[in-house]
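Just below is one structure, and these are the notes that go with it.
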Amino acid sequence: MNFRQTFKYSIISILFIIVTFIIISFLPNFKYKKNYQKYSLAHYIPDTTMTLLIGVKDKEGLYELSQNNFGNYISENRTIYDTLLTISIQLKEIFQADLPNKENAFICLHNRMNHSPSATLWHYVGNNNFKKILLFLQKKFETSFKPVVQELNDFKIFQYSLPNGQFFFGFFHNGTICLTQDYHILRQSIHSFSDNKSIEHNLSFQQASATIGKSVHTILYNTNAVDYELYTNNNNQSKNKQWIAQELSFDKNKTWITGMIIPEQPLETLINKITNGCEPDPYIFSSRTYFGIRYGIKELKSFWKQFSNGKNLTSTDSILMETGRGSFNIAWNIVTDSTLQTNKVITLYPKDSIPQIPSILTNSNLLNYFLDGDSIYFSLSEDNRLYISNTFDATQHYAQDIKNGNTIALKQKTLSQLFSQVGGNVNLLFFGNGVLLKRHGYPSLMKNRLPGCMPPNFLLSNYFITEMASEGKVVYCNTIMSE
């Protein structure tokens with residue numbers, strides 16, 4: 001290490017101490033608490049928008065995460081995630097401290113605007129020797145520089161300078177250690193504890209945590225905004241950033257993310273009053289479908305009202321309301337892979353008694369909403385199904401795919417197997433290919449986000465399927481992802 005590098009690290013370390021002292025010294029309303037044991041690790045986690053939060057209750061959960069390659073789903077944060085997971089496992093093996101029936105470790109993935117993707121670890125190590133912890137981390141980071149340590153307001157704050165020029169920041173406080181490469185997150189974590197503004201004080205987080213069983217090893221906490229445009233055409237609906245807690249489990253080459261939510265309007269109306277159970281049928285979707293939605297419907301009339309936003313019926317809407325039964329399916333399909341061209345096709349199941357559907361449909365508020373606002377649509381009846389799309393070619397090709405057996409069931413083995421894992425009756429079903437979604441772009445209806453009960457987009461590295469089914473006022477949301 002030459003003189004210039006040593007001088008650089010010395011200056012950065014001095015600035016670190018000064019800035020830390022200023023920030024901690026002026027923390028508002030900081031009160032010394034004698035008994036920190038009553039707080040869980042969640043008391044240190046900022047109640048801010050996060051990409052993903054993984055809670056681990058015991059060493060079995062940590063081993064599951066490492067042995068089942070959950071990191072394969074993570075792209076941008078993968079390196080730092082692997083580093084923090086390894087550190088967490090080794091801390092657990094060395095110190096063997098335990099918070100009964102609570103998370104003993106949290107790994108949070110962040111994607112802050114205008115910042116590189118990062119991650120933060122909160123891990124309970126108990127009231128062990130702080131110097132022993134520092135020595136462990138110094139060996140782990142393979143750095144010859146001793147950490148810079150500053151003790152303020154009962155927080156032991158430290159900084160490591162790594163050989164590659166990067167830095168790790170952290171604190172030790174009443175048996176909890178925090179590690180991150182983002183000093184902004186470290187600062188937020190301390191503020192969250194001192195100001196009682198952590199996720200532990202968030203009512204939605206409390207409700208989500210209460211839905212998880214005591215025997216669960218690993219929990220996925222998600223704050224994806226619930227995109228109500230999937231559930232109603234109401235411009236006044238706000239995007240509700242609702243916490244959702246789901247169990248993470250692993251089976252061969254699949255990852256299961258299972259949980260429940262107590263839905264707010266209008267999802268509760270859609271799930272419990274308008275939709276009903278339908279079969280997760282892979283034979284009704286073309287093999288070219290890279291994203292699909294299947295609504296099980298009781299009757300299209302109620303379904304149409306959910307998305308009409310008070311608009312008047314058109315003559316086409318009147319015909320369609322008398323048409324649909326069983327399900328309402330939307331498929332986003334690849335036309336030519338080289339040009340990334342795609343189309344969208346709706347499938348309905350006509351009743352036997354309805355009049356002949358025109359081949360050209362116009363001025364439909366329902367179709368305008370789901371098919372990007374065009375004024376003319378082309379329909380084709382084939383094998384007791386009604387296909388509708390923006391172009392005649394799209395409608396015809398899709399119908400031909402189904403007729404010729406070019407379906408997910410027969411041509412997409414991995415995705416078809418995921419269909420077979422879903423329950424027999426689902427109110428709402430989402431599925432797709434994560435790789436193609438990233439390549440072709442997310443459907444326009446989705447506004448670049450997937451449903452709130454699903455994991456963040458970046459986890460969808462391959463095939464996935466999500467089912468939503470109701471039982472009373474509870475909605476079960478289960479996702480299966482393939483590696």
Side-chain angles (χ1 to χ4, degrees), residues 52 64-65 68-76 78 220 222 224 227 230 246-259 278-296 327 329-337 340 342-345 347 398 401-402 405-424 426-443 445-446 448-469 476-483:
L52 191 71
E64 280 187 349
L65 284 176
N68 289 279
N69 299 317
F70 181 74
N72 288 345
Y73 297 109
I74 302 171
S75 53
E76 296 177 337
R78 177 65 190 272
L220 190 72
N222 185 13
N224 266 5
D227 191 348
L230 290 165
Q246 296 172 288
E247 177 186 357
L248 264 178
S249 57
F250 306 92
D251 178 23
K252 296 182 180 178
N253 295 323
K254 299 183 182 68
T255 297
W256 296 71
I257 304 174
T258 58
C278 66
E279 291 293 326
D281 188 355
Y283 286 92
I284 63 173
F285 287 97
S286 166
S287 59
R288 296 181 295 114
T289 301
Y290 68 94
F291 184 79
I293 303 177
R294 180 167 167 83
Y295 296 90
S327 69
N329 308 315
I330 314 171
W332 285 261
N333 311 289
I334 300 168
V335 179
T336 54
D337 193 63
L340 303 184
T342 62
N343 61 40
K344 190 190 301 184
V345 179
T347 305
Y398 194 87
D401 278 348
I402 305 301
N406 295 323
T407 62
I408 288 175
L410 300 178
K411 300 293 184 178
Q412 298 282 358
K413 182 179 178 181
T414 302
L415 187 53
S416 181
Q417 289 176 343
L418 294 186
F419 267 84
S420 67
Q421 301 291 318
V422 175
V426 295
N427 297 70
L428 196 53
L429 190 74
F430 305 90
F431 67 90
N433 185 323
V435 175
L436 292 180
L437 269 172
K438 293 173 183 177
R439 185 188 306 168
H440 293 273
Y442 290 91
L445 175 66
M446 310 296 289
N448 290 327
R449 66 163 57 88
L450 295 173
C453 63
M454 294 179 64
N457 301 342
F458 70 87
L459 280 186
L460 304 176
S461 60
N462 209 329
Y463 294 105
F464 66 92
I465 192 166
T466 294
E467 62 170 324
M468 298 177 70
Y476 290 91
C477 302
N478 305 319
T479 296
I480 313 172
M481 302 187 299
S482 67
E483 291 186 2

Quick one, Tyr290 with Thr342, criterion side chain to side chain contact (heavy atoms under 4.5 Å, CB included). Give me CA distance, side-chain angles, the key distance, then yes/no. CA-CA 9 Å; Tyr290 68 94; Thr342 62; 3.6 Å; yes
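- Between the side chains of Gln417 and Tyr463, no donor N or O sits under 3.5 Å from an acceptor N or O.
- With Asp251 contributing its side chain and Lys254 its backbone, the two residues share no donor-acceptor pair below 3.5 Å.
- A search for side chain to side chain donor-acceptor pair (under 3.5 Å) contacts involving Arg294 returns Ser327, Asn329, not counting sequence neighbours.
- The side chain to side chain contact (heavy atoms under 4.5 Å, CB included) test applied to Glu64 returns Asn68, His217, Thr218, Phe250, not counting sequence neighbours.
- Ile408 CD1 to Thr414 OG1: the interatomic distance, rounded to the nearest 0.5 Å, is 11.5 Å.
- Here Asn343 contributes atom CG and Trp332 contributes atom CH2; the two are 11.5 Å apart, rounded to the nearest 0.5 Å.
- For Thr347, there are no side chain to side chain donor-acceptor pair (under 3.5 Å) partners at least two apart in sequence or on another chain.
- Put simply, CG on Leu428 and CD on Glu467 are 10.5 Å apart, with the number rounded to the nearest 0.5 Å.
- In this structure, Leu410 and Tyr283 have side chains that are in contact, with non-hydrogen atoms separated by less than 4.5 Å.
- The heavy-atom pair separating Thr289 from Ala331 by the smallest distance is OG1-CB, 3.6 Å.
- Considering only residues two or more places apart in sequence or on other chains, Asn462 meets the side chain to side chain donor-acceptor pair (under 3.5 Å) condition with none of them.
- Every residue two or more places apart in sequence or in another chain was checked for a ring pair (Phe, Tyr, Trp, His ring centres under 6.0 Å) with Tyr476, and none qualifies.
- The shortest non-hydrogen separation linking Asp281 to Phe285 is O-CD1, 3.7 Å.
- Atom-to-atom distance recorded for Phe430:CZ and Thr466:OG1 is 7.5 Å, nearest 0.5 angstrom.
- Interatomic distance, Ile330 CD1 to Ile293 CD1, rounded to the nearest 0.5 Å: 5.0 Å.
- In this view, Tyr398 and Tyr387 satisfy the ring pair (Phe, Tyr, Trp, His ring centres under 6.0 Å) rule, not counting sequence neighbours.
- A pairwise comparison of heavy atoms in Phe419 and Pro280 identifies CD2-O, 3.2 Å as the closest pair.
- Nearest heavy-atom pair across Ser416 and Pro282 is OG-CG, 4.2 Å.
- Contact check for Val345 versus Asn333: side-chain heavy atoms found under the 4.5 Å cut-off.
- Leu429 is listed as a side-chain neighbour of Val422, based on a closest heavy-atom distance under 4.5 Å.
- Every residue meeting the side chain to side chain contact (heavy atoms under 4.5 Å, CB included) condition with Asn406, not counting sequence neighbours, appears here in chain and number order: Ser287, Asp401, Asn404, Lys411.
- Contact annotation: the side chain of Ile257 approaches that of Leu248 to within less than 4.5 Å [non-hydrogen atoms, C-beta and beyond].
- Rounded to the nearest 0.5 angstrom, Arg288 CZ and Ile334 CD1 are separated by 8.5 Å.
- Closest non-hydrogen pair, Ser286 versus Ile402, comes out as N-CD1, 3.7 Å.
- Of the possible polar contacts, none joining the Gln412 side chain to the Thr407 backbone as a donor-acceptor pair under 3.5 Å is found.
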